[in-house]
Amino acid sequence: MSKETCWIGISLGRDNAALSTTSVTDNVDIIANEDGDRLIPVCVSFGQQDFLIGTQAKNQLVFNSQNTIQQFIDIIGKNYDDIENRDAKLDEKDGKPVYNIEIYPPFNEENEEEEEEIEPEIKQFSPEELTIRYLESLKKSAENFIGKEIEGCVVSVPITKIQNNECNVLKDVIQKAGFKYVQTISEPAAAVLAYLNKNSEEDILCDKNILIADLGGKSFKSCLVKNSYGIITVLSQEECPVGGKDFDDILVNYFKNEFKKKNHIDIDDNKRALTKLRLASEKTKRTLSRSATTSCSVDSLAEGIDMHSTINKMRFDMLSNKLINQCLETIEDTVENSNVLFEEIDEVIIIGGASRMPKFQSKVESLFEEYTKIKNDIEPDEAIAMGCAIQAKLLSENINKPEYKKLLEDNEIKLPHLTQSLGIEDNNGDFIPIIPKNTVLPATRFFEVDNTNTPLYFAFYQGDSEIANENKLVSQVMIDDFVIEGSEPKEGEKINIRLNLSPENLVINAQNKTTKQSTKITIKI
Ligand code: AMP
C-alpha cells in the first residue's frame, strides 16, 4: 500500500452504508467492497469459524439468526429505556443496551470429535463495539480499493442526531475504528453538495430554496434548505415513520394471505418463514421498480411447501398509495413550517433507496410547479456518500488550516469561497467587480475587450470599495501577444478574456476571437 494517505466519505444509514472517494480518478467514485457491493448492509454475524459483515452477514439472517445483528448503529449512545421496538437479542447492562451473542470455540480436530458437547459462550457486545468492528472492516475494504491508507472521513448523520448531540458518541466510535480525523455533516447538506458538484457554475452561484425528499429504509425525511452561494442552512425538517420496510410489509401481507388461501397454512407465528418471506418480498419490491410484473418465490416456506406467486406494478402501486400520501403530507408540513411558498422552491432533490419506486417519484413531482427542477439522476442511495467525499476532499487538502480544523467539531460544511470581490480598474480609476464576494470557488468568468493593437493592461484588485486603488492590488498584468507592429487596429476585433479563479490561483486566458491566437498567465493569490 502506498504511504500516501487520503480521506473518504461515508454515508452511514440505518440499513446500509456507502463509501465514496475522490482519490482514485478525478471524479467522485463509490467504493465497492471485496464482494463487489457498493451498498454495504449494516449487518454483522458471528459464526463458528468467522466474523462476517455486509451482505455475507445478511445471508446468515435465516441460518444463524441469533448471532446476526442489524440496525445497531441506530442505537449508538442511547439508553436501554429510550429504545423503541427493541431487537429480541437486546439486553440491558447498567442502563445501556447490549447484544447477547453465542460464541462457539473454533473447530479443531480435538473438539470436532466431541462436537455434541460443545456449548457456546454467551458474550455481550455493545452497539458501539459492533459498529467499531463493522467500520474497521469498511476501512480495510476502502484501503484495498484506493491503495492508500485512510486518515480521515466525513460521515453523514440525520439532522435529529445532530440536534440531540448523539453524533459525539458516533465520532468517538469512528475514531476507535482507526480514523484519525472525523467530521460529521447532516444528510441533506451532503445531498446538496453532491448535486452542487454536478451542476453548472450558474447553478451554484445563486440563492436557492431546495427541498430534499429522502425515502430510506425506516422513515421518510423531508428537509427544506436555503443555499446562499454555497452556504447551506436548514429551514425546516419533518419526518414520518414510512420507509422501505413498510412497502416490504405490503408485499409480505399480500403473499402471506395468498399462501394461506392456497395451502391453508398460517405463517403468522412462524418467525423463520416470515424472515424468508420478508427477504424475498424486498427483492420483489426492487424488481417492481423496473418491471410491470414480477414473481416472488420461497423454497419450503412452511411445512415443506414452496411458495410461488406473482404481482403486478398496478396492484402494488394501489396498495402503496396510502403510504406515499403520508410522505406527501410530510412534504406539505415541511413547506408550511418554513415560511417559504411551494412556488418559491427552486429544486427538489430525491434520494434514499426506496425513492426508486416510480410511483413515489411521480407523486412527489406532481406536488411542485413545472419550473421546479427535479434532481434525481444520482443513484439515490449513493448521493449522500458522494457529498461526504466532496467535503472530505476539501478537508484533506486544508486540514492544517485552523478554520478548517474547527469544522471537525461543528458538523458544518464549508465550500471554499471568495471573501472579497475580485475585479479590475477601468479608465476612470473605478473598481469593476468581475467575480463577486462569496462566490464558491473554483469559478470562471468571461469578458471581452476591443483589440486596439496596443498591449492590454489589467490591474486586478480585491475589495469592496468602488474606487479601485482603495482596494488591495492583486496583480498588474500586461499582454502584448496580440500586437502586430505597423498594423492598424482592426474594427470589431475582440479579445476574449477568461478568468479561472481557484483558492490558490487566478488563471487568465486571453484569446483573439478572430485569429484564435491565445495566451495564458497564472497569478498566485
Ligand atoms: P436507504 O435507507 O436509503 O439505504 O434505503 C433502503 C431502502 O431502499 C430499503 O427499504 C430498500 O428495500 C429500498 N430500495 C433499494 N432499492 C430499491 C428499489 N430499486 N426499489 C424500491 N426500493 C428500493
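In each ligand, atom 1 is the first atom listed, and ligand 1 is the first ligand listed. All values below come from the heavy atoms of this structure, side chains included, with hydrogens, waters and symmetry mates left out.
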Worksheet item: How does A354 reach ligand 1, if at all, at less than 4.0 Å between non-hydrogen atoms: by side chain, backbone, both, or neither?
Response: both
Fill in: S236 side-chain N/O to T334 backbone N/O, donor-acceptor pair under 3.5 Å
yes
Worksheet item: Looking only at protein heavy atoms, which one is nearest to atom 4 (O) of ligand 1, and how far off is it?
Response: N16 ND2, 3.4 Å
Discussion item. Geometry only, no angles: is S289 polar-contacting ligand 1 at N/O separations under 3.5 Å?
Written reply: yes
Discussion item. Heavy-atom pairs closer than 4.0 Å: do any link ligand 1 to the side chain of R286, the backbone, both, or neither?
Written reply: both
Discussion item. Please report whether ligand 1 has a polar contact with K285, defined as an N or O pair separated by less than 3.5 Å (distance criterion only).
Written reply: yes
Discussion item. For ligand 1 and E282, I'd like to know whether there is a polar contact (N/O to N/O, distance under 3.5 Å).
Written reply: yes
Worksheet item: Which protein non-hydrogen atom lies closest to atom 2 (O) of ligand 1, naming both residue and atom, and how far is it?
Response: G217 N, 3.0 Å
Fill in: ligand 1 to R356 polar contact by distance, N or O atoms, under 3.5 Å
yes
Worksheet item: So, D249 and R278, do they make that salt bridge, N to O below 4.0 Å?
Response: yes
Worksheet item: Any N or O on G353 sitting closer than 3.5 Å to an N or O of ligand 1?
Response: yes
Worksheet entry | Sidechain N-carboxylate O distance under 4.0 Å for E136, K140 | no
Worksheet item: Thinking salt bridges, do D381 and R356 make one under a 4.0 Å N-O criterion?
Response: yes
